[in-house]
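Encoded as structure tokens, the structure appears first; notes follow it.
Everything numeric here is computed off the predicted structure, so don't read it as measured data. Whatever order the structure lists ligands and atoms in, that order sets their numbers, starting from 1. The first residue of the sequence shown is numbered 1, and numbering continues consecutively from there. No hydrogens, no waters, no symmetry mates; every other heavy atom, side chains included, goes into these values.
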Amino acid sequence: MTARERVAGNVAGYVDDRTGAAKWMKKNLTKVFPDHWSFLLGEICLYSFVILLLSGTFLTFWFDPSMKEVVYNGSYEPLQGIKMSAAYASTLDISFEVRGGLLMRQIHHWAALIFMVGIVVHLMRVYFTGAFRKPREFNWIIGVGLLTLGIVEGFLGYSLPDDLLSGTGIRIAEAIIQALPVVGSYLAYFAFGGAFPGEAFIPRIYTVHILLLPGIFLALITVHLMLVWYQKHTQFPGPGRTEQNVVGYPLMPVYMAKAGGFFFIVFGVTAFLGAVASINPVWLYGPYTPGQVSAGSQPDWYMGWLDGLVRMAPPLESYIFGYTISWNILIPGLILPGIMFTGLALYPFIESWATGDKREHHLLDRPRNAPNRTAIGAMALTFTLVALINGGNDIIATTFDLTINQMMWFSRIAIIVLPPIAFVVTKRLCLSLQRADRDLVLHGRETGRLVRMPNGEFIEVHEPISAEKAWLLTSHEQLAPLELPEHDEAGVRRPGALKNKLRNRISRAAAVAVPKATETERRELEGHH
Ligand code: HEM
């Protein structure tokens, strides 16, 4: 035993004598994780969250969340002598006076954008592979909570500097609160501590941004990861992988090294972006004045879809019992997002209801083998993308020499027409890919070698695929549609017959598939070759 090993052993023994941690560590450090690049997406969220905490803490040392009016006399000349809030002035100071301040501001903002991209892409990987199925439904719901909080946290963050862009965003938020029937105007007064914009809002959202939401984030992320730990990670089907085991590498040393390295890659990319790519240059926008809006005002991308929905809404208003109901804000600002997020959160339950599949799943699906789910995902993404594009309608209109009206009408029509088209096209694509898999198993791989037969006919030589690949392409399950009886043995309609009919229909649509190649078919064809 070398001296170093002896010291390490002594330290470990010392800690174990006092905490009894050795057994626990041994069990957990050797825990096996499956390997796939897409499992790193959740880690990107985690690491950018850590970067957000670190860079955000730095910013709190100098940011002054106050609406007190000050006259700017810092080093940025174009704004000298101008009245502004202390919040805005301190943001300018962080940018121009504090050493490394601008870099930290930019790292913080880039980390927020990467965090949100990470969350959305991670969500897509979980969705399209069916990782949300039993027993992971709760973790899915926690995920939807994290997504929602991320959007709110980001919005509050870029609202803090009290520049013209953030003030414009807060004004929209106020309008959305006011659109709530009956209680809206009271709630807005409550949130702003009086009439808009008031002096209370920035200090209030500061507390929420740096204390309340990060605390909730930490708690939710901890539970999220504990559940991944406890339920074990899903894996893609492959040799030796079953619903009962996990095939992969141990946490220590393989994943510790990988995860540590990956953290520094994420940090490096964020720091690089913060160093070279300007983001939210608030000094160009000027301080917030309620009477002004700068041309080309754009929210961060994760809010863009909501802005886009509001921008495309037709001017609908009703007057009921002396109350004004602004449907043009209420529907795009509250009702549609409410439906979207509730639908997202409930999706695992809706799918298991529709397919009748209540079993546990630890092996992931290839998206093509769940055509209905994949098509619904494509439909939802198309809807959100059209809304996001319309969020930039002014910029797109000026860049491509269009009018705002053309953009608005394009979006209004596209948001209704394109999602169903995306559904149908994606479903057909999935089925075609299933057919291609079936051909591959039965007829082998096209080699590109053409042979001329004695009778003059040209054929392409096919090569059989490996047994492993054939197994991979045929190992998935193909669920039969539900056949819930509408009538009992005596021919009388059962209670709930209508519900059963609906469920049968949906499950039939969900079960559409190209029958996978069977072993018998394969053998038969082998006989022919
Ligand atoms: C702050 C945001 C989030 C963080 C830090 C985070 C982190 C992680 C990590 C590190 C994993 C394990 C590795 C992986 O599968 O990628 C994971 C798994 C998972 N996440 Fe997230 N996540 C976040 C948001 C979300 C969202 C928005 C959803 C879905 C709505 C979600 C649903 C899941 C599920 C169901 C699993 C288990 C996947 C499996 O076992 O295959 N997460 N998350």
Does the plane of the ring in [X] sit parallel, tilted or perpendicular to the ring in [Y]? Use 30° and 60° as the thresholds.
X	Y	result
F236	F39	parallel
F263	F267	perpendicular
Y158	H109	parallel

If you have a sec, work out which protein heavy atom is nearest [atom] and how many Å separate them, to one decimal?
atom	result
atom 25 (C) of ligand 1	H122 CD2, 3.3 Å
atom 26 (C) of ligand 1	G143 CA, 3.2 Å
atom 37 (C) of ligand 1	R136 CD, 4.0 Å
atom 29 (C) of ligand 1	W140 CE3, 3.6 Å
atom 38 (C) of ligand 1	R125 NH2, 3.4 Å
atom 9 (C) of ligand 1	L225 CD2, 3.6 Å
atom 35 (C) of ligand 1	V126 CG1, 3.5 Å
atom 4 (C) of ligand 1	C45 CB, 3.6 Å

Measuring from the heavy atoms of F115, does anything fall under 4.0 Å of ligand 1?
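Yes; F115 lies near enough to ligand 1 that a heavy-atom distance drops under 4.0 Å.
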
Does ligand 1 have an atom that lies less than 4.0 angstrom from a heavy atom of F49?
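Distance cut 4.0 Å: F49 fails for ligand 1.
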
Atoms of ligand 1 close to [X] [distance to a heavy atom under 4.0 angstrom, numbered from 1]:
X	value
A131	41 (O)
L46	5 (C)
V228	17 (C), 18 (C)
I221	1 (C)

Polar proximity ligand 1 side, [X] side, N/O cut 3.5 Å exclusive:
X	answer
L364	no
F39	yes
H233	yes
T234	yes

Does only the side chain of [X] get under 4.0 Å from ligand 1, or the backbone, or both, or neither? Count heavy atoms.
X	answer
V144	both
L220	neither
L146	side chain

How about [X] and [Y]: does a side-chain donor come under 3.5 Å of a side-chain acceptor?
X	Y	answer
S95	R105	yes
R136	H362	yes
H233	Q235	no
N390	W305	no

Is the closest side-chain heavy-atom distance between Y127 and I376 below 4.5 Å?
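Side chain of Y127 against side chain of I376, heavy atoms only: contact under 4.5 Å found.
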
Are [X] and [Y] within salt-bridge range, i.e. N to O under 4.0 Å?
X	Y	answer
D357	K134	no
R133	E351	no
E477	K516	no

Measure the spacing between OG1 of T234 and NZ of K232 and express it to the nearest 0.5 Å.
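Answer rounded to 0.5 Å: 12.5 Å.
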
Residue from F217, W301, W110 passing ring pair (Phe, Tyr, Trp, His ring centres under 6.0 Å) with F115
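Going through F217, W301, W110 one by one, the ring pair (Phe, Tyr, Trp, His ring centres under 6.0 Å) with F115 is satisfied by F217 alone.
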
Near atom 21 (Fe) of ligand 1, is there an N/O/S atom from H224 that is less than 2.8 Å away?
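Yes - counting backbone and side chain alike, H224 has an N, O or S atom under 2.8 Å.
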
